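Being a predicted model, the structure only gives us computed values, none of them experimental. Proteins get letters first, then strands, A, B, ... in listed order; numbering begins at 1 in each.
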There are 2 protein chains.
Amino acid sequence: MKTTADISIEKAAPILKLLGDKTRLTMVALLHEGECCVCEFTEIFNMSQPSISQHLRKLRDAGVVHEERRGQWVFYSLNTSNELYPLVEQVVKQLPSQKSKLDDLEKNGSRVVWCEPKRK
Amino acid sequence: MKTTADISIEKAAPILKLLGDKTRLTMVALLHEGECCVCEFTEIFNMSQPSISQHLRKLRDAGVVHEERRGQWVFYSLNTSNELYPLVEQVVKQLPSQKSKLDDLEKNGSRVVWCEPKRK
DNA sequence: TTATAATATAAGCAAATAATTATATGTCAA
DNA sequence: TTGACATATAATTATTTGCTTATATTATAA
């Protein structure tokens, strides 16, 4: 049973290399729960903000994630319309849920939830 | 529907990093068709024999492949009993079949088929 | 405006990676 | 034994990677 179209090895390898970093793999697993903004990642990872940004940029350049600015925050989400998304999803599905990390943020009061623009 | 046990991010990331190299990813895809020996890989890849050996060693050290010497050849196969095999398999399943590469070897007469020990 | 918060980019550096060539090991057959 | 073949290991090197600090950008709020 084949559920998705084949992805060429040339295209798959760079994606797997990106996912082969613990930080980025965790990011993708977190994003599988829903969108996150950069400051949430900087809370979760014990790492400088530029480092977070650079990881996200790599994921974005590869088309794995999608970036959307809302006010002063930039929210990231999995780019489900990317040709390579099935590969990403199959990988993430094998990983434990990262929901607890987001719940912890919520308890901290560090979760950023976008409700609606305050004006305009 | 979850078909396999979760694999920790700490364990998954190094495996994905290994699969993130085009040569190794192709090797694993080839092995998904059946066992191969080193000389077959050196035929298929435009690369030195030590380079092939080093890639295989990394895959072996990570438990992705299994090594078995028979006579002067060393045959490699996917280590299906490894805890991380489900991850490897899900990835390989998304890739195009590499059977044609093995068929080409066969036409070349470079396919090594182990039938039985000639003596003992 | 000006200050501040969120994020991105640039520059620099140490560590990891993947290739090469040279050499060693192991098996078999004459 | 010896030679040939298959494979592994060692040493070297160029490139890539992931982090850091410093600085730039962008948006909001005072």
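Side-chain atoms of Lys17(B) lie closest to dT17(C) of the nucleotides dT17(C), dT20(D), dT7(C). Comparing dA8(D), dA6(C), dA8(C) by their nearest atom to the side chain of Val74(B) picks out dA8(D). For Gln49(B), counting side-chain heavy atoms from C-beta on, the closest listed nucleotide (dA8(D), dG18(D), dT7(C)) is dA8(D). Side-chain proximity of His55(A) to the nucleotides dT26(D), dC19(D), dC5(D) is greatest for dC19(D). Nearest to the side chain of Thr23(A), among dA6(C), dC19(D), dA27(D), sits dC19(D). The side chain of Pro50(A) sits closest to dA10(C) out of dA10(C), dA19(C), dT7(C). Here dT21(C) is the nucleotide among dG18(D), dT21(D), dT21(C) with the atom lying nearest to any side-chain atom of Ser48(B).
What separates NZ of Lys58(A) from P of dT16(D) is a distance of 12 Å, to the nearest Å. When the C1' atom of dT7(D) is taken as reference, atom CZ of Phe75(B) falls 13 Å away, rounded to whole Å. At whole-Å resolution of the value, CG in Leu56(A) and C1' in dT7(C) are 10 Å apart. dA8(D) atom P lies 13 Å from atom CD of Gln72(B), rounded to whole Å. Straight-line distance from the CZ atom of Arg70(A) to the C1' atom of dT7(C): 15 Å, rounded to whole Å. For the pair Asp21(B) CG and dA16(C) P, the interatomic distance rounds to 18 Å; values are reported in whole Å.
The distance from the CD atom of Glu33(B) to the CG atom of Leu78(B) is 10.0 Å, given to the nearest 0.5 Å.
A sub-4.0 Å separation between OP1 or OP2 of dA18(C) and a side-chain N or O of Arg24(B) is present. Considering only side-chain N and O atoms, Ser51(B) lies under 4.0 angstrom from the phosphate OP1 or OP2 of dA19(C). Between Arg69(A) and dT26(D) there is no side-chain N or O to OP1 or OP2 distance below 4.0 Å. For the pair Tyr76(B) and dA8(D), the criterion of a side-chain N or O lying under 4.0 Å from OP1 or OP2 is met.
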- Task: Report the C-alpha distance between Asp61(B) and Arg57(B) in whole Å, list the side-chain angles of each, state the deciding distance to 0.1 Å, and finish with yes or no for salt bridge (charged side-chain N to carboxylate O under 4.0 Å, His left out).
- Result: CA-CA 6 Å; Asp61(B) 286 351; Arg57(B) 188 184 216 289; 2.9 Å; yes
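Between the side chain of Gln54(B) and the base of dT20(C) there is at least one donor-acceptor pair of N/O atoms closer than 3.5 Å.
One N or O on the side chain of Glu40(A) and one on the backbone of Val112(A) form a donor-acceptor pair closer than 3.5 Å. At distances below 3.5 Å, at least one donor-acceptor pair connects side-chain atoms of Thr42(B) with backbone N or O atoms of Cys39(B).
At the heavy-atom level, Glu40(B) lies nowhere under 4.0 Å from the strands shown.
Note that Arg60(B) lies outside the cation-pi zone of Tyr76(B), set by a 6.0 Å cut-off to the ring centre and a 45° limit from the axis.
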